[in-house]
**Student:** 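First, the structure itself, so that you have it in front of you.
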Amino acid sequence: EYKKSRLITGKNLINDLRKKPIAFVIGADQSGKTGLAKTVLKDLVNLGDVPIMIDGAKLPPQSSKYRSLVNELCSEQYGIASDTRLANTPLEKKVIIVDNYHYSPKAARREHRILEMLNTLCSRIIVFCKDSALSPADLATFAIDSRFSISVINTLPFAKDAQRELVHKWLMLDSELALSPEKFAQ
């Protein structure tokens with residue numbers, strides 16, 4: 001099932017992400033997807049879920065290695081014996097967050113093997129991806145070809161004025177950089 005994307009306010013985002021087995025959060029470069037992924041992870045933990053964050057660039061081409069990667073990341077993210085925590089967590093509480101999905105192995109991504117395999121390890125997958133890597137046609141095809149009901153959320157572009165203002169505030173934190181354009185350029 002594929003529904004046209006819609007605008008969701010920040011306070012409703014986490015609830016919307018929890019409704020479907022697979023949610024795609026799509027946005028332009030530098031639109032805040034990774035920061036949003038980290039916030040979503042924290043919010044899911046606060047709601048009692050056990051989310052595991054995976055960087056798409058670190059996904060191996062062979063789906064047979066995903067289970068060990070998820071266990072390894074669970075140990076890194078939750079502590080040494082976390083793989084037993086993951087094993088003892090009910091499936092409906094397990095969530096995998098894939099950041100930078102556009103850097104995952106292209107053939108596996110195109111054939112949706114990544115999502116199909118990861119879905120055997122959890123109840124929900126939240127995918128953060130650059131907008132140029134997944135077209136609406138790709139998403140619609142995935143929804144039709146798979147048994148998954150998906151949600152698509154588009155992030156709004158980070159306004160240039162807001163970006164400039166944020167950089168200015170960062171510079172003001174270090175007065176030496178703010179006064180010396182040469183040091184800032186380094």
**Student:** Are Tyr103 and Ile125 linked, directly or through other ILVMFWY residues, by side chains that come within less than 4.5 angstrom of each other?
**Tutor:** no

**Student:** Give a yes or no answer on whether the side chain of Ser149 reaches the backbone of Lys20 with a donor-acceptor pair at less than 3.5 Å.
**Tutor:** no

**Student:** Going by side-chain contact (heavy atoms from CB on, under 4.5 Å), Phe24 matches just one of Ile153, Leu115, Ile126, Val98. Which one?
**Tutor:** Leu115

**Student:** Provide the closest heavy-atom pair for Gly56 versus Pro105 in the form atom of the first, atom of the second, distance.
**Tutor:** O-CD, 4.3 Å

**Student:** Would you compute the distance between atom CG of Asp131 and atom NE2 of His102 and round it to the nearest 0.5 angstrom?
**Tutor:** 9.5 Å

**Student:** Please check: side-chain N/O of Ser123 versus main-chain N/O of Lys94, any donor-acceptor pairing under 3.5 Å?
**Tutor:** yes

**Student:** Out of curiosity, Ile52 CD1 to Glu76 CD, how far, rounded to the nearest 0.5 Å?
**Tutor:** 10.0 Å

**Student:** When rounded to the nearest 0.5 angstrom, what is the spacing between CG in Asn154 and CD1 in Ile26?
**Tutor:** 5.5 Å

**Student:** Just by distance, do the side chain of Thr120 and the backbone of Glu116 share a donor-acceptor pair under 3.5 Å?
**Tutor:** no

**Student:** Hey, mind stepping through Arg18 and Asp49 against salt bridge (charged side-chain N to carboxylate O under 4.0 Å, His left out) and telling me if it holds?
**Tutor:** CA-CA 10 Å; Arg18 294 179 90 208; Asp49 289 334; 3.1 Å; yes

**Student:** Would Asp43 and Leu17 satisfy side chain to side chain contact (heavy atoms under 4.5 Å, CB included), going step by step from the backbone distance to the final call?
**Tutor:** CA-CA 11 Å; Asp43 289 347; Leu17 290 174; over 6 Å; no

**Student:** Quick check: does any side chain N or O of Ser104 sit under 3.5 Å from a backbone N or O of Asn100, one acting as donor and the other as acceptor?
**Tutor:** no

**Student:** Output the distance between atom OG (Ser31) and atom NZ (Lys130), rounded to the nearest 0.5 Å.
**Tutor:** 11.0 Å

**Student:** Tyr66 side chain to Pro60 main-chain N or O, any donor-acceptor pair under 3.5 Å?
**Tutor:** yes

**Student:** Any side-chain heavy-atom pair from Leu69 and Asn71 closer than 4.5 angstrom?
**Tutor:** no

**Student:** With the side chain counted from C-beta on, respond yes when Leu118 and Val70 share a heavy-atom pair under 4.5 Å apart, and no when they do not.
**Tutor:** yes

**Student:** For Lys58, check side-chain contact (heavy atoms from CB on, under 4.5 Å) against everything at least two apart and list the hits.
**Tutor:** Asp55

**Student:** If you define the side chain from C-beta out and look only at heavy atoms, does anything of Ser151 sit under 4.5 Å from Asp16?
**Tutor:** yes

**Student:** Kindly determine whether Ile54 and Asp99 satisfy side chain to side chain contact (heavy atoms under 4.5 Å, CB included), including the steps that lead there.
**Tutor:** CA-CA 6 Å; Ile54 299 175; Asp99 191 25; over 6 Å; no

**Student:** Does any part of the side chain of Val127, heavy atoms only, come nearer than 4.5 Å to the side chain of Ile114, both counted from C-beta?
**Tutor:** no

**Student:** Out of curiosity, Ile14 CD1 to Leu44 CG, how far, rounded to the nearest 0.5 Å?
**Tutor:** 4.0 Å

**Student:** Supply the atom-to-atom distance Lys93 NZ to Arg124 CZ, rounded to the nearest 0.5 angstrom.
**Tutor:** 7.5 Å

**Student:** Should Tyr78 and Leu73 be counted in the same cluster of Ile, Leu, Val, Met, Phe, Trp and Tyr side chains packed under 4.5 Å apart?
**Tutor:** yes

